[in-house]
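Written below as structure tokens is the structure these notes are about.
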Amino acid sequence: LPGRFGAAQWFAQPQDGFAGAAEHNVVTKARPVGTVAQVLCVGITGQPGFAEFVYLKYEGTGAPTLAAKQVCVPDSSTLWYVFTNDPDSAIQATGCPLAVVALSAMTDAYYGWFWSGGICPEQYVAALCDNFATEDNLAAGPICAHDLAADAIGFGPIDETAPTEVCIGFSLAADA
């Protein structure tokens, strides 16, 4: 199935997992940027269904420290594969509908895997279990990337009066 970043490529998942040291948080890319992996989560941990990962570059200069479960959005209008969690340097204000979620802490200008769609892949990345950063008034329904009070990017409701807020996903439940 095609993803938002390109056609899925079939390959064996990384031997030490998507957040393992062989391919994730590395200074030299281990895969071509934009490589998409689709996996089937069978419900051992979390919900069953397909999940998607994408291989990108993290740019965190001046950003809050990147941690697992943080939302990242494009950081460059010319380098499509560079993503950040810094709302001050993000280009989310342009209405770009791409957003990914970090699997772990990452170093500035390093490459690694990000969760990019489908069911939360908890059985593949345990750090994605539990709650994600959201805006307080998040309800079940369409969501977008929001600049949160903690100077980080999280999930929030779409403000229909703001032309640059575009749907990046769907929340199944209201913020607890």
Side-chain angles (χ1 to χ4, degrees), residues 1-61 63-87 89-92 94-129 132-133 143-145 152-155 166-170:
L1 297 172
R4 292 177 306 278
F5 293 94
Q9 300 176 20
W10 294 102
F11 60 88
Q13 70 169 313
Q15 198 167 35
D16 60 349
F18 286 100
E23 296 185 10
H24 185 70
N25 197 30
V26 293
V27 69
T28 303
K29 60 186 175 188
R31 302 255 184 190
V33 291
T35 297
V36 175
Q38 190 176 59
V39 296
L40 176 61
C41 300
V42 296
I44 296 169
T45 303
Q47 296 295 313
F50 285 100
E52 179 183 275
F53 294 93
V54 63
Y55 201 73
L56 301 168
K57 185 175 186 179
Y58 168 68
E59 183 65 53
T61 306
T65 302
L66 184 68
K69 301 190 289 187
Q70 285 191 336
V71 177
C72 295
V73 296
D75 187 50
S76 169
S77 60
T78 56
L79 300 173
W80 61 268
Y81 56 87
V82 178
F83 278 66
T84 187
N85 65 329
D86 184 0
S89 69
I91 62 169
Q92 70 182 14
T94 64
C96 180
L98 300 176
V100 295
V101 174
L103 305 184
S104 70
M106 284 185 70
T107 305
D108 178 38
Y110 275 41
Y111 296 88
W113 290 101
F114 292 81
W115 171 37
S116 58
I119 296 296
C120 183
E122 296 175 71
Q123 85 180 62
Y124 289 90
V125 183
L128 295 179
C129 293
F132 287 76
I143 58 173
C144 69
I153 301 170
F155 297 119
V166 294
C167 182
I168 61 167
F170 193 87

What is the minimum heavy-atom distance between Y58 and T84, and which atoms define it? CE1-CA, 4.2 Å
Any donor and acceptor pair, going by atom type alone, linking the side chain of Y124 with main-chain N or O of L40 inside 3.5 Å? yes
Residue pairs meeting side chain to side chain donor-acceptor pair (under 3.5 Å), one or both in residues 66-76, sequence neighbours left out, come to Q70-N85, D75-S89, S76-T78
Just by distance, no angles: are the side chains of E23 and W113 close enough, under 3.5 Å, to form a donor-acceptor pair? yes
Donor-acceptor contacts under 3.5 Å from residues 100-110 side chains, at least two apart:
| unit_1 | atom_1 | unit_2 | atom_2 | d |
| --- | --- | --- | --- | --- |
| S104 | OG | H24 | NE2 | 2.8 |
| D108 | OD1 | G60 | N | 2.8 |
| D108 | OD1 | T61 | N | 3.4 |
| D108 | OD1 | T61 | OG1 | 3.4 |
| D108 | OD2 | T61 | OG1 | 3.0 |

For A145 and I153 the tightest heavy-atom approach is CB-CG2, 3.9 Å
Over 60° means perpendicular and under 30° means parallel, so tell me whether F53 and F18 are parallel, tilted or perpendicular. parallel
Using every non-hydrogen atom in the two residues, find where E122 and C129 come nearest and quote the distance to one decimal. OE1-SG, 3.2 Å
Quick one: list whatever passes side chain to side chain donor-acceptor pair (under 3.5 Å) with T28, sequence neighbours left out. none
Which atoms form the tightest heavy-atom contact between C120 and C41, and what is the distance? O-SG, 4.4 Å
Heavy atoms, side chains only, cut-off 4.5 Å: are L98 and F83 in contact? yes
What closest approach, in Å, do A22 and D16 show between heavy atoms, and which atom pair accounts for it? N-OD2, 3.0 Å
Nearest heavy atoms of V71 and A99, plus distance in Å: CG1-CB, 4.2 Å
Euclidean distance, F114 CZ relative to C72 SG, rounded to 0.5 Å: 5.0 Å
Residues in side chain to side chain contact (heavy atoms under 4.5 Å, CB included) contact with V26, at least two apart in sequence or another chain: Y55, Y111
Applying side chain to side chain donor-acceptor pair (under 3.5 Å), name anything that partners T45, two or more places apart in sequence or on another chain. none
Below 4.5 Å, heavy atoms only, C-beta onward: do P121 and L128 meet side chain to side chain? yes
If I take atom CG from residue N25 and atom CG from residue L66, how far apart are they, to the nearest 0.5 angstrom? 8.5 Å
